[in-house]
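Inspection log for the structure reproduced underneath, given as structure tokens.
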Amino acid sequence: LNKRQSLTLFGNDISPIVLEVEFQTKDRLRFRLYDPNKQRFEVPLKINGPGVTAEEANYEVEFSEDSTHFTIKRKSTGTVLWDSPLVDLFFSNQFLQITTTVPSTSVYGFGEHEHPTFKHNMDFVTYGMFARDQAPTSFANLYGVHPFYMCVEPDSNAHGVLLLNSNAQDVTLSPNPALTFRTIGGILDFYLFMGPTPENVVQQYTEAIGRPHMPAYWSLGFQLSRWGYGSLDVLKETVNRMEHHDIPYDVQHFDIDYMERRLDFTYDKVNFAGLPEFMKDLKKKGKHNVVILDPFITKDEEPGTYRPYELGQEMGVWVNNSDGVTPAVGQAWPPGDSVFPDYTNPRTVEWWTQLCLEFKDVLDYDGIWIDMNEPSNFMRGQYPGCADNEINNPPYTPSISDRSLAEKTLCPDSKTYLGDHYNTHSLFGWSQTEPTFNVVQQATGKRAFVLSRSTFVGSGKHSGHWLGDNFSQWKDLHRSVVGILEFNLFGIPYIGADICGFNYNTTYELCLRWMQLGSFYPFSRNHNAEGNSEQDPAVFGDAFAKISRATLRIRYSLLPYLYTLFYESHVHGGTVVRSLMHEFTSDQETHGIDTAFLWGPAFMIAPVLEEATRSVTVYFPEAQWFDYYTVLPNAWKKNYATVSAPLSKIPLYIRGGYILPQQAPATTTTESRLNPFGLIIALDEQGQASGSLFWDDGDSIDTIEKENYFLAKYTFSKVSGNI
């Protein structure tokens, strides 16, 4: 494409540019716009396809004769999925923009943000994407970057599109309906996934970017955490309360207060004296331990006293200043000033692996929680501030908070092994995740548990995620449902939000309703910030503890079903939690529903999301639904109904036509895994049902790949009455 010289916004236009189309698979098309004369930054995630002919593909690509339009259609229906007027294309050194129409306003995805609804508002809304350490607020660019969306077409077919680009970027959603993508670096590298069902879209997406990892069974149990236990004594009191009320609980997290002065790879031998023994005691009780590690390392300890810094200095593992030689120095949790490991450098991976392996001999962890890896720095750029140049102050800054690329992180002209921080910033957490996953596996000899705050396209292969520093407010309950639905689209099904809220003090009723909802997050953890009142489910007294216990026991009894969904997600790449739209796509009413959600195809959770409410309005799509508690069939189909939800209850429904495996619950999965199994058989109108159960030892590495598992498929027919 030769660009007209007249069309320039920010100068440095590149001409010619190449538009290259690859028919990768029959359901996956890649098209990219790049500079044939100069290698520009590209995300180091290789997505290859065997290649298919135009005849085999389920899409067709058209150029208008005068090259002014580039169009992609669905072959079977003729629906136009992508239509870019190429005259509106910008491709300059630091500003790339392309616009396309979309076939409907049922658009989902883009992250990471706190979206008010799952289905997007298309009324000229702009979302920036650039990894940033900040608490979730509307329109703010948050911890991770996921330039992926799914669109449901007017005839209920669905497709997905990924822009594989890691630079600061934004997307504008317009009502006609259309999308405008802008980025300030790299190339325009798009992948289109043909579906045609929403589940197919996610399966095709994860086939390209990496299937979700298979979590350990214990990591599906309830987890407890807080920043600010302050001492082992307070933690012991908390654990004793949980035991007293017999609340199911599998995992204890340790936030930065377990460390000595917030130094990675240490523990506080005064306030947490006896921590190694305590962690071993928890393991004897069938529980598991997860420790937090931050990515910054203080450089200001007494020489010879802090090995993580000295070894890193010796191995040359830090992100450097623009000179490419001196380490970038900022401020973070540890005392003094900090340097930042560059995980894109193989030497850094060696350094990190060695330290994590050695730390396992100090604290017997089962998993690692990696935080602050946007990377977070408590300044605008490192010392002495960012130079005034085009890379630090580009001609266009996308719609990101503070309109600054350096706020709370490092200067864009800092140097990493893969290139300028300008290009690699949003890949920092992603690059830390795989090495952490590998070392946890090596250290424990078991399936890895990694929880990462910053994520990028493909992070789900090696980690889970939580929705960050949310607030103890009612609106955050609903927004957490939107977040877990979105991360299931992003190929990160191991997802949850801090139950009862992280920032601010919670209230009795909010926390109780949140415990009920959180009992059905794939990743179910109650977590809290320093200085806030205690909010573990045992602290509010007998009535609260009893309700939390009962709800968590429902979760635990259904873990064989949840675990089977994770198996299917790992092998076939789909979602674990999904929206009603996902299963009932042709029912327009479902497209905007994000107050209820499903586990797999068959289990609906309809939480109370508002204060002082004792009922909830639920939409029942066209199917036979059974009340989980009474086992009675519903009369409602394709209709709304107001159902009773006293404080003690979260409404739950089972869809006819499905068989759900279950197991008697216990206080830990270590115990519940030994209990008797059962099946819930919910018949459809024809008297049929089917389902499956995946089972293995729960924590060995690669049981699926080694075929060391049990898989049962169940069918039931009323005619025969046999299973």
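Phe523 has its ring centre no less than 6.0 Å from the ring centre of Trp466.
When atom types are taken as modelled, the side chain of Ser452 and the backbone of Thr455 share no donor-acceptor pair closer than 3.5 angstrom. Between the side chain of Glu671 and the backbone N or O of Thr668 there is at least one donor-acceptor pair closer than 3.5 Å. Formation of a donor-acceptor pair under 3.5 Å by the Asp476 side chain with backbone atoms of Asn470 is not found in this model. Checking side-chain atoms of Asn58 against main-chain N and O of Asp27 turns up no donor-acceptor pair under 3.5 Å. Listed for the Arg211 side chain is no donor-acceptor partner under 3.5 Å among the backbone atoms of Gly491. Side chain of His465 to main chain of Ser454: no donor-acceptor pair is present (N/O by atom type, distance under 3.5 Å, no hydrogens or angles).
Residues Lys638 and Tyr619 are in side-chain contact: their nearest non-hydrogen atoms beyond the backbone lie under 4.5 Å apart. You'll find the side chain of Thr585 reaches within 4.5 Å of the side chain of Val152, heavy atoms only. A 4.5 Å side-chain heavy-atom check between Glu610 and Leu477 finds every atom pair outside the cut-off. Two residues are said to be in side-chain contact when any heavy atoms from C-beta on lie closer than 4.5 Å; His582 and Val202 meet this criterion. Phe620 places none of its side-chain heavy atoms less than 4.5 Å from the side chain of Asn639. The shortest distance between side-chain heavy atoms of Glu589 and Phe584 does not fall below 4.5 Å.
Heavy-atom contacts from other residues, nucleotides or ligands closer than 6.0 Å to NZ of Lys649 number more than 12.
Closest approach of Gln663 and Tyr217 over heavy atoms only: OE1-OH, 3.8 Å. When all heavy atoms are compared, the tightest approach of Val616 to Pro651 is CG1-CG, 3.5 Å. Considering all non-hydrogen atoms of both residues, Pro537 and Asn526 come closest at CD-ND2, 4.0 Å. Of all heavy-atom pairs spanning Pro646 and Arg513, the tightest one is O-NH1, 3.1 Å. Of all heavy-atom pairs spanning Ile492 and His146, the tightest one is CD1-CE1, 3.8 Å.
Remark: Arg614 engages Glu509 in a salt bridge, criterion side-chain N to carboxylate O under 4.0 Å.
Each side chain to side chain donor-acceptor pair (under 3.5 Å) pair with one or both residues in residues 652-661, not counting sequence neighbours, appears once here: Glu583-Arg655. Note on residues 450-467: pairs passing salt bridge (Lys or Arg N to Asp or Glu O under 4.0 Å), not counting sequence neighbours, are Asp133-Arg453, Asp371-Arg453, Glu374-Arg453, Arg453-Asp469.
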For residues 681-691, please give each side-chain donor-acceptor pair under 3.5 Å, one per line with the distance, not counting sequence neighbours.
unit_1, atom_1, unit_2, atom_2, d
Asp684, OD1, Gln686, N, 3.0
Asp684, OD1, Gly687, N, 3.0
Asp684, OD1, Gln688, N, 2.8

Result block: side-chain N/O donor-acceptor pairs under 3.5 angstrom for residues 552-560, not counting sequence neighbours:
unit_1, atom_1, unit_2, atom_2, d
Arg555, NE, Leu220, O, 2.8
Arg555, NH1, Ser519, O, 2.9
Arg555, NH1, Tyr521, O, 2.6
Arg555, NH2, Leu220, O, 2.9
Arg555, NH2, Tyr521, O, 3.2
Arg555, NH2, Pro522, O, 2.9
Tyr556, OH, Phe222, N, 2.8
Tyr556, OH, Asp250, OD1, 2.7
Ser557, OG, Arg553, O, 3.4
Ser557, OG, Ile554, O, 2.8

Using distance only, find each side-chain donor-acceptor pair of residues 622-635 under 3.5 Å and give its atom names and separation, not counting sequence neighbours.
unit_1, atom_1, unit_2, atom_2, d
Gln624, NE2, Asn634, O, 3.3
Trp625, NE1, Pro621, O, 3.1
Asp627, OD1, Tyr629, N, 2.6
Asp627, OD1, Thr630, N, 3.0
Tyr629, OH, Ile650, O, 2.7
Thr630, OG1, Leu632, N, 3.1

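Aromatic ring pairs are classed by plane angle as parallel below 30°, tilted from 30° to 60° and perpendicular above 60°; the pair Tyr709 and Phe694 is tilted.
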TODO: Apply the test side-chain contact (heavy atoms from CB on, under 4.5 Å) to residues Thr238 and Gln252: give CA-CA distance (whole Å), side-chain angles for both, the deciding distance (0.1 Å), then the verdict.
DONE: CA-CA 11 Å; Thr238 310; Gln252 180 61 50; 5.8 Å; no
Requested in this report: Begin from the C-alpha positions of Phe449 and His288 and carry the test ring pair (Phe, Tyr, Trp, His ring centres under 6.0 Å) through to its verdict.
Outcome: CA-CA 10 Å; Phe449 176 103; His288 291 80; 9.6 Å; no
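Taking the salt bridge (charged side-chain N to carboxylate O under 4.0 Å, His left out) definition, one finds that Asp696 meets it with Arg447, sequence neighbours left out.
Only one option out of Tyr205, Tyr108, Phe490, Phe110 pairs with Tyr149 in a ring pair (Phe, Tyr, Trp, His ring centres under 6.0 Å); it is Phe110.
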